[in-house]
Amino acid sequence: MAIKRDGHFVTFGQHIQEQQQQFPNASGQFSWLLSGITLATKMIASYVRRAGLIDVWGDEGSTNVQGEEVKKLDIIANDALKRTLGYRGNVGIIASEEDDEPRVLQEVDDDDSYIIMFDPLDGSSNIDVNVSVGTIFTIFRNPKDIKGAEKSVLQPGSAQVAAGYVLYGSSTVLVYTCGHGVHQFTLDPQFGAYLLTREHMKMPEHAGTYSVNEAYLHSFPEPYQRYLHWSKHPEGGGYSSRYVGSLVADFHRILVKGGIFMYPPTTKQPAGKLRLMYECNPLAFIAEQAGGSAIGAGGQRVLDVMPQDVHDRTPLVIGSSRNVEEAMRFINEPVRA
Ligand code: P6P
């Protein structure tokens, strides 16, 4: 149910203004920036909701820097975000998962300049079969003392000033944090506005659900296999399994209901499949703000990882704090023969 304050719905714009008050020296530029992202996601939602009626199914014909088939909707989403953010005077650098290199929009040298990174349409291969997809974004300050976009974007996740995602699911929901809690908005197609529907979200400390692609079980490192065996065993966790195969959908379920998601290293992708900057950092920021945890390679907190390249990948274990602790007890153990 949409939340009301003094009898009125709370829009995303209003909420950002309220949050703005937490940043005494903010100049209102930040909310202008976020409104550019929400505008783009409304455009993306309109295409996603008409897939099949308009020609947005299938491949565009090229492969991206990740070596993945580019879907028609990937291009539309990428263009919508770059177009709406391109006119926001305080965006210094844009980095998209779809593009080879970070794109310097403008050399903005005042303090209020930002870097925006995004995965414009995560899980886009699910579009053709009507499964939820998502947009993931993260915002950093653009450091004045570092020259060159390639270097400026290489910041640890702990330096994020905001992060969020939009899930194009049974409804279109936007979830974001700017370090003061996690808040959810639902797009009202009649108003064309995102209305506050959950505020100060807290992930349940524990839940009996795990989420992983078990097809790769035999290529996971042995401690992960041991955890998964325990998690489903009646004398172990006795957990059930849910796996959509669209990261934003799997994460959102865990944010609301608890549980654990993992994408371990595999033989094919020993560094993990998921992208550190565009996927894991934003979701880790949200998870921790909601009381959960997010762990990357070598048991390191995702938000502490120092990126080497904007397209770095990482293994990911994310979710309810006690579920992650349980898993890490197995994963941190020495490999057994
Ligand atoms: P797999 C989608 O391609 C994606 O990047 C994430 O949305 C999702 O969690 C993951 O890949 C699914 O990967 O190997 O299970 O198909």
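We use all heavy atoms of the structure for the numbers below, so side chains are in, but hydrogens, waters and symmetry mates are not. Counting starts at 1 for both ligands and their atoms, following the listed order. Owing to the predicted nature of the structure, the values given are computational and were not obtained by experimental measurement.
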Show me which atoms of ligand 1 lie under 4.0 Å from any heavy atom of Tyr243. 1 (P), 12 (C), 13 (O), 15 (O)

What atoms of ligand 1 come closer than 4.0 angstrom to any heavy atom of Glu279? 5 (O)

For Tyr216, atoms of ligand 1 separated by under 4.0 Å from a heavy atom: 14 (O)

Once you measure the plane-to-plane angle for His311 and Tyr278, does it fall in the parallel (<30°), tilted (30-60°) or perpendicular (>60°) bin? tilted

Determine whether His15 and Tyr194 make a side-chain contact, defined as any pair of heavy atoms from C-beta on separated by less than 4.5 Å. no

Do me a favour and list the nearest non-hydrogen protein atom to atom 10 (C) of ligand 1 with residue, atom name and distance? Lys273 NZ, 3.9 Å

Just jot down the ligand 1 atoms closer than 4.0 angstrom to any heavy atom of Ser246, in number order. 7 (O)

Write out the residue and atom name of the closest protein heavy atom to atom 14 (O) of ligand 1, then the distance separating them to 0.1 Å. Tyr263 OH, 2.6 Å

Can you report which non-hydrogen protein atom sits closest to atom 2 (C) of ligand 1, along with the distance? Gly123 CA, 3.7 Å

State the atoms of ligand 1, each with its element, that fall below the 4.0 Å cut-off from a heavy-atom position in Asp122. 5 (O), 6 (C), 7 (O)

Tell me whether the NZ or CZ atom of Arg253 lies within the 45° cone about the ring axis of Phe251 and under 6.0 Å from its centre. no

Pull out every atom of ligand 1 sitting under 4.0 Å from any heavy atom of Leu247, numbered as shown with elements. 6 (C), 7 (O), 8 (C), 9 (O)

Is the shortest side-chain heavy-atom distance between Phe261 and Tyr243 below 4.5 Å? yes

